[in-house]
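Right, one structure below, let's go through it.
All residue numbers refer to positions in the sequence shown, counting from 1. Values reported hereafter were calculated over all heavy atoms of this structure, with side chains retained and with hydrogens, waters and symmetry mates removed.
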Amino acid sequence: MKKIMRNLYKIVGILTLLALFSCQTADELIPTTGNEVTGIRIMLPNGTNTDFAVIPDENNIINLDIDGSIKTDLAKIRMSVSIPNNATVESAIPLGEYMDFSKPVSFDVIGADGAKKTYTVKLKVIPSAIGIKELWKKTGSEMGFTTHNNGAVGISGNYIIVHSRTGFSYFNLADGGKAGDMSWEGIDWQDLGFKLPLHMTTDDAGNIASCNAAVAGGQEVHMFWWKGVTAKPELLFKYTLESLPKAQIGRKIYVRGDLTKHAFVYLAVSNNNVILQWEVKDGKVVSETPKKIEFNIDYTMGVQAKVVPIGMGENSNYFINRFVNNQPQVAITYMDGKTNKPIYESEHHIQNVFHQWLGGGHAFDYADMNGARYIFLLEQNTHSWMREIFTVRAMMKDPSKIKDITSLIHTRVWNDWLYFPLDPAFGENGNATGEVKVCVAPDGYSATVAFLCTNSGIIVWNVSLE
């Protein structure tokens with residue numbers, strides 16, 4: 001009897017397991033209706049696989065950016081998709097085989113009810129590396145610097161423009177040889193309260209802009225511009241600086257766009273979180289009265305207040321530099337151009353035991369080369385050091401997650417000395433001035449980057465996507 005009962009228990013157990021297994025199998029096979037694509041895997045020729053959770057737009061177009069090499073063969077990319085378990089895919093080239101993503105790739109997903117939806121994938125390979133070639137490097141003595149005078153550098157066509165408080169000179173881009181001096185004919189800066197131009201810049205098309213500096217309390221700035229290095233200056237606008245605490249303008253100028261067509265001119269207000277913006281069309285300001293951009297954060301842009309917009313437009317997002325506890329920071333903040341609130345704030349770069357001598361990071365510029373987004377930034381201080389040059393990679397991909405600038409830098413040493421500037425012939429850089437200027441080539445595959453440190457010298461790079 002016991003044997004019979006043991007066998008009966010075994011049979012019941014087996015039937016129970018079968019029942020459980022059958023239920024699990026049935027659950028797994030419950031049809032999932034629909035014809036939606038929820039995920040895509042892209043397989044590059046080098047074996048790199050990247051998975052994307054996707055939400056197609058209203059036209060069922062899926063835009064994907066993937067890091068890779070500029071040499072990626074777009075005709076040899078494979079793709080797989082995530083779809084409901086009972087849907088099918090129809091594609092001119094079967095999934096998993098080579099597809100040509102140099103143009104949009106389309107496929108159909110057919111649901112269990114026979115409904116068909118066509119999807120189109122547009123893939124862009126963003127180069128994940130750049131090559132840097134130093135074109136030339138010259139000391140302040142070789143460039144004809146005067147102590148404390150040279151605070152900015154620009155790029156116009158085949159020339160590098162070097163700022164001085166008494167005149168602007170231009171040099172051959174290829175080798176740094178002097179080519180000429182720019183005209184100041186008709187400029188009336190000497191008649192104003194603050195007579196000197198502390199800065200100069202170039203727009204995206206190589207036009208030049210500069211103004212005298214002004215301090216709060218009724219001083220005027222007169223902004224002039226040049227259509228190239230051999231042109232005569234033209235008055236762009238006049239502006240009287242309102243009363244703001246310790247306010248100055250003219251220490252840093254930025255122009256985004258083409259002054260001969262459409263551009264925006266920015267003057268950041270020193271020691272305040274205020275930016276003045278003028279719109280320019282066909283070489284004329286839309287209004288002499290600027291748009292006043294204000295933001296409320298617990299630090300200021302400092303004396304060397306710097307703003308760098310990432311694109312054209314009145315409400316473009318922008319970067320600012322930082323000044324905390326009376327000290328310039330090697331740090332940047334990325335601002336929302338509509339709300340004027342920080343999107344992210346990088347950490348102050350720390351150079352280990354040399355932290356006590358760290359300088360500011362107000363000298364920087366931004367470039368977008370076919371989606372490969374970089375910031376070029378230098379560190380400098382009153383000892384005329386420009387110890388480090390940084391290229392900050394792809395900061396715009398997910399700004400909310402980027403907090404530490406040190407995790408995204410490629411460092412180049414400015415000179416081989418630890419305790420001396422590039423040019424020992426000059427003394428300390430009392431204003432800790434300098435500038436970085438980037439000019440992206442029309443095709444977006446390369447850029448020229450010029451670094452200037454007051455009392456030290458100039459370095460010029462050619463940067464190309466790899």
Side-chain angles (χ1 to χ4, degrees), residues 151 198-199 213 215-216 244-254 266-276 292-310 317-337 339-366 375-392 395-396 399-409 411 414 428-436 453-454:
L198 298 182
H199 200 254
V215 299
L244 293 168
K246 300 181 181 180
Q248 300 179 26
I249 54 175
R251 284 191 175 275
K252 293 285 184 180
I253 309 165
Y254 203 92
Y266 299 80
L267 293 180
V269 181
S270 296
N271 304 306
N272 288 263
N273 289 333
V274 177
I275 299 165
L276 305 175
K292 187 178 179 181
I293 302 169
E294 299 179 89
F295 43 93
N296 183 20
I297 50 182
D298 60 359
Y299 47 81
T300 72
M301 293 182 286
V303 176
Q304 302 289 349
K306 179 70 177 284
V307 56
V308 176
I310 69 165
N317 289 0
Y318 55 95
F319 293 97
I320 60 170
N321 65 317
R322 294 220 293 277
F323 197 78
V324 179
N325 297 325
N326 295 318
Q327 294 295 325
Q329 305 286 290
V330 184
I332 50 178
T333 299
Y334 180 50
M335 301 287 289
D336 186 302
T339 64
N340 294 305
K341 294 181 179 179
I343 295 175
Y344 80 84
E345 301 161 283
S346 75
E347 298 292 341
H348 177 47
H349 172 59
I350 296 176
Q351 196 187 30
N352 299 323
V353 297
F354 306 114
H355 175 64
Q356 62 268 34
W357 296 304
L358 256 168
H362 61 80
F364 67 94
D365 203 2
Y366 164 86
I375 284 179
F376 297 87
L377 177 148
L378 62 86
E379 170 206 323
Q380 58 187 130
N381 65 15
T382 57
H383 301 290
S384 299
W385 286 8
M386 190 159 64
R387 281 290 305 162
E388 313 293 347
I389 298 174
F390 308 113
T391 62
V392 185
M395 298 198 66
M396 305 292 292
S400 65
K401 293 183 179 179
I402 296 175
K403 299 296 181 184
D404 184 0
I405 198 173
T406 61
S407 66
L408 290 167
I409 61 174
T411 305
W414 167 258
E428 292 187 353
N429 177 6
N431 287 325
T433 53
E435 194 53 281
V436 179
C453 185
T454 301

For [X] versus [Y], what's the shortest heavy-atom pair and its separation?
| X | Y | result |
| --- | --- | --- |
| N272 | M301 | O-CE, 3.3 Å |
| A331 | R322 | CB-NH2, 3.4 Å |
| V303 | S270 | O-OG, 2.6 Å |
| A268 | V307 | CB-CG1, 4.2 Å |

Say you draw a straight line from [atom1] of [X] to [atom2] of [Y]; how long is it, rounded to the nearest 0.5 Å?
| X | Y | atom1 | atom2 | answer |
| --- | --- | --- | --- | --- |
| Y344 | T333 | OH | OG1 | 8.5 Å |
| M335 | I293 | CE | CD1 | 9.5 Å |
| I297 | K341 | CD1 | NZ | 12.5 Å |

Ignoring hydrogens and geometry, is there a side-chain-to-backbone donor-acceptor pair from [X] to [Y] under 3.5 Å?
| X | Y | answer |
| --- | --- | --- |
| N317 | G337 | yes |
| T454 | T433 | yes |
| N321 | K306 | yes |
| N271 | A247 | no |

Worksheet item: Do you know which of I343, V308, I375, I320 makes side-chain contact (heavy atoms from CB on, under 4.5 Å) with Y334?
Response: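 That would be I343.
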
* Among L198, I275, V215, V269, the one residue meeting side-chain contact (heavy atoms from CB on, under 4.5 Å) with I249 ->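 It is V269, the one option of L198, I275, V215, V269 that forms the side-chain contact (heavy atoms from CB on, under 4.5 Å) with I249.
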
### Task
Go through the steps to decide whether F323 and T300 satisfy the test side chain to side chain contact (heavy atoms under 4.5 Å, CB included), and finish with yes or no.
CA-CA 5 Å; F323 197 78; T300 72; 3.9 Å; yes

*Taking the side chain as C-beta and beyond, is there a heavy-atom pair between F295 and N273 under 4.5 Å?*
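They are in contact (side-chain heavy atoms under 4.5 Å apart), so the answer is yes.
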
In sequence, state the C-alpha distance, the side-chain angles, and the governing distance for Y318 and N340, and then conclude on side chain to side chain contact (heavy atoms under 4.5 Å, CB included). CA-CA 9 Å; Y318 55 95; N340 294 305; 2.8 Å; yes

Between F364 and F319, how do the two ring planes meet: parallel, tilted or perpendicular, split at 30° and 60°?
->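 F364 vs F319 ring planes: perpendicular.
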
Residue of the set Q304, E435, R251 for which side chain to side chain donor-acceptor pair (under 3.5 Å) holds with H199 =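 For H199, the side chain to side chain donor-acceptor pair (under 3.5 Å) check succeeds only for E435.
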
